[in-house]
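The structure appears right after this line, and notes come after that.
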Amino acid sequence: GENCIFGICKDLSKEQEALQKFDRLFRCNPALMAVSSLPDRRFTDVNDSFLSALGYSKDEILGRTSSELSLFVEPQAQEEIARHLDKHSFLRDVDLKVRTKDGSILEGLFSGEIIESQGKKSLLTVMVDITKRKQAEHALKTAEEKFRSLFDNSLDGIFITSPDGTIFNANRAACAYLNLTEEQICSCARDFIVDLEDPRLSHALTERERTGKFQGELNFKRENGTIFPVDISSAIIKDKSEPFQAHVIFRDVSERKRLEHERLEMERKSQHLLKLESLGIMAGGIAHDFNNLFHAALGNLELAAMDIL
């Protein structure tokens, strides 16, 4: 019949340790992290990375929803994420665009999960900022498109090769010069394209290996075996992420050579005609002088004949 006090004790050290670890991970994480209440989805906590990236203070965020802050650039994406979380309780690595306080746009990989603590459900979200990566990808894509446009539309023939002569790509002009398709060019490699009997070839390859580039003139072969001269420029491109490549740019100079030959031939003929003309003038001068002498001599003979008579 005496009064008694009953007590129940539970060791919460492990739970406290887990909460402390989560808190440290949450606060120090470089990813944007937030905790929202359910079902109203109002922010109850955000980390420093969230505030720094979006440009808000904590007071401007807590108690408000992402819709009220207009964080989502694409509202339909927000609705799809909400439906997915309601159905599956988690979400992983969804591309998402969010709007900062100053109106600029960040791109990120968004993940979320519904968690429970002390009998209350909350939404934990994490976004990895990939804006710079996306910008780099866009810049790379733009550069590749520009290169492809220049490559495809160049009036000069272009090969992308390895230093050993394997051809990876050939543009339209190269195919037209050689009367071959790109597949045929890539399958036959350098030895089928370059005139191997050209004495300048050895020097060109040695020079490129020694200095990384070569510019000069060589002979190429068409599909039917016809030899034609080209102006060629080749450089070895060193990329840490890929094996060495060589870019080869060439231009058929057959027509230029023909015109140069005709010009030289015309000059030769002109010089020959000038020599003939000079000889003609000289001969005319000599004849004139001889004619004067002849008339003088003839006059003297006539005078001598008169004296005799």
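Here, residue 1 is the first one in the sequence, and each next residue gets the next number. This is a predicted model, so every value here is computed, not measured.
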Check: Within the distance-only criterion (no hydrogens, no angle test), does the side chain of Ser122 pair as donor or acceptor with the backbone N or O of Ile115 below 3.5 angstrom?
Finding: no
Check: Has Lys97 got more than 12 heavy atoms of other residues, nucleotides or ligands less than 6.0 Å from its NZ?
Finding: no
Checklist line | Leu106 side chain reached by Leu54 side chain, heavy atoms, under 4.5 Å | finding: yes
Note to self: If only side-chain N and O atoms count, and only distance matters, is there a donor-acceptor pair under 3.5 Å linking Asn224 with Thr226?
What the structure shows: yes
Notebook entry, point to check: For Cys188 and Ile193, which heavy atoms make the closest approach, and how far apart are they?
Noted result: SG-CD1, 3.9 Å
Item checked: Pairwise side-chain contact, Leu71 with Arg99, heavy-atom cut-off 4.5 Å (strictly under) -> no
Next item on the list: May I ask you to decide whether Arg190 forms a salt bridge with Asp195, counting only side-chain N to carboxylate O separations under 4.0 Å?
Entry: no
Check: Any chance CD of Gln76 has more than 12 other-residue heavy atoms, nucleotides or ligands included, within less than 6.0 Å?
Finding: yes
Notebook entry, point to check: Are Arg172 and Glu182 within salt-bridge range, i.e. N to O under 4.0 Å?
Noted result: no
Check: Between the main-chain N or O of Ile249 and the side-chain N or O of Asp156, is there a donor-acceptor pair closer than 3.5 Å?
Finding: no
Note to self: What I'd like to find out is whether the side chain of Leu51 reaches to under 4.5 Å of the side chain of Ile61, using heavy atoms alone.
What the structure shows: yes
Next item on the list: Check the pair Val73, Val98 against side chain to side chain contact (heavy atoms under 4.5 Å, CB included), reporting the backbone distance first and the verdict last.
Entry: CA-CA 5 Å; Val73 175; Val98 296; 5.5 Å; no
Checklist line | Evaluation steps, side chain to side chain contact (heavy atoms under 4.5 Å, CB included), between Thr125 and Ser111 | finding: CA-CA 6 Å; Thr125 58; Ser111 299; over 6 Å; no
Margin query: Is the distance between the ring centroids of Tyr56 and Phe50 under 6.0 Å?
Written below: no
Next item on the list: For Leu85 and Ile114, work out which heavy atoms get closest and say how close.
Entry: O-CD1, 3.6 Å
Item checked: Where Asn29 and Ala31 come nearest, the two heavy atoms and their spacing -> OD1-N, 2.9 Å
Next item on the list: I would like to know whether Ile130 and Asp95 meet side chain to side chain contact (heavy atoms under 4.5 Å, CB included); could you show each step before the answer?
Entry: CA-CA 9 Å; Ile130 58 171; Asp95 282 341; 4.2 Å; yes
Check: Got Ile160 and His247 here, is their nearest side-chain heavy-atom distance under 4.5 Å?
Finding: yes
Next item on the list: May I ask you to say whether Asp231 pairs ionically with Arg251, meaning some side-chain N is under 4.0 Å from a carboxylate O?
Entry: no
Next item on the list: Report the C-alpha distance between Asp86 and Lys121 in whole Å, list the side-chain angles of each, state the deciding distance to 0.1 Å, and finish with yes or no for salt bridge (Lys or Arg N to Asp or Glu O under 4.0 Å).
Entry: CA-CA 12 Å; Asp86 289 339; Lys121 289 185 177 181; over 6 Å; no
Item checked: Side-chain touch Asn171/Asn153, heavy atoms, less than 4.5 angstrom -> no
Notebook entry, point to check: Salt bridge check: are Arg27 and Asp45 linked by an N-O gap of less than 4.0 Å?
Noted result: yes
Next item on the list: Run the salt-bridge test on Glu207 and Lys213 with the 4.0 Å N-O cut-off and return the result as yes or no.
Entry: no
Next item on the list: Find out if a path of hydrophobic residues (ILVMFWY) with successive side-chain heavy-atom gaps under 4.5 Å connects Leu91 to Leu96.
Entry: yes
Checklist line | Exceeds 12 heavy-atom contacts within 6.0 angstrom, atom CG of Leu264 | finding: yes
Note to self: Do Phe72 and Ile81 have side chains that approach each other closer than 4.5 Å (heavy atoms only, starting at C-beta)?
What the structure shows: yes
Notebook entry, point to check: Does a salt bridge link Lys257 with Glu217, judged by any charged N lying under 4.0 Å from a carboxylate O?
Noted result: yes
Next item on the list: Would you check if Leu124 and Phe90 make a side-chain contact, meaning some heavy-atom pair closer than 4.5 Å?
Entry: no
Margin query: Under 3.5 Å, is there a donor on one side chain and an acceptor on the other for Glu145 and Thr142?
Written below: no
Check: Below 4.0 angstrom, N of the basic side chain to O of the carboxylate: do Glu255 and Arg258 qualify?
Finding: yes
Next item on the list: Identify whether Tyr177 and Val248 are in the same connected component of the hydrophobic contact network (ILVMFWY, side-chain heavy atoms under 4.5 Å).
Entry: yes
Next item on the list: Given side chain to side chain contact (heavy atoms under 4.5 Å, CB included), test His203 with Thr206 step by step and report yes or no.
Entry: CA-CA 5 Å; His203 168 72; Thr206 302; 5.6 Å; no
Checklist line | More than 12 heavy atoms from other groups under 6.0 Å of NZ on Lys58 | finding: yes
Item checked: Shared hydrophobic cluster, Leu69 / Leu38 (ILVMFWY, side-chain heavy atoms < 4.5 Å) -> yes
Note to self: Does any part of the side chain of Arg92, heavy atoms only, come nearer than 4.5 Å to the side chain of Glu113, both counted from C-beta?
What the structure shows: yes
Checklist line | Glu107 to Thr131 - nearest heavy-atom pair and separation | finding: N-OG1, 2.9 Å
Check: For the residue pair Arg208 and Ala246, what are the closest heavy atoms and their distance?
Finding: NH1-CB, 3.6 Å
Checklist line | Aromatic ring proximity Phe250/Phe220, centre distance under 6.0 Å | finding: yes
Next item on the list: Would you please name every residue forming a ring-ring contact (aromatic ring centres under 6.0 Å, His included) with Phe110, sequence neighbours left out?
Entry: none
Check: Linking I/L/V/M/F/W/Y whenever their side-chain heavy atoms sit closer than 4.5 Å, directly or via other members, would Met266 and Leu259 fall into one cluster?
Finding: no
Check: For the side chain of Ser187 and the backbone of Glu183, is there at least one donor-acceptor N/O pair under 3.5 Å apart?
Finding: yes
Note to self: Has Thr161 got a side-chain atom pairing as donor or acceptor with Gly165's backbone, closer than 3.5 angstrom?
What the structure shows: no
Checklist line | Electrostatic pair Lys141:Glu137 at N-O distance under 4.0 angstrom | finding: no
Item checked: Test side chain to side chain donor-acceptor pair (under 3.5 Å) applied to Ser67 and Gln78, step by step -> CA-CA 9 Å; Ser67 297; Gln78 180 183 9; 3.0 Å; yes
Margin query: Show the nearest heavy-atom pair for residues Phe43 and Ser36, with the distance to one decimal.
Written below: CD2-OG, 3.5 Å
Margin query: According to side-chain contact (heavy atoms from CB on, under 4.5 Å), who are the partners of Glu209, at least two apart in sequence or on a separate chain?
Written below: none
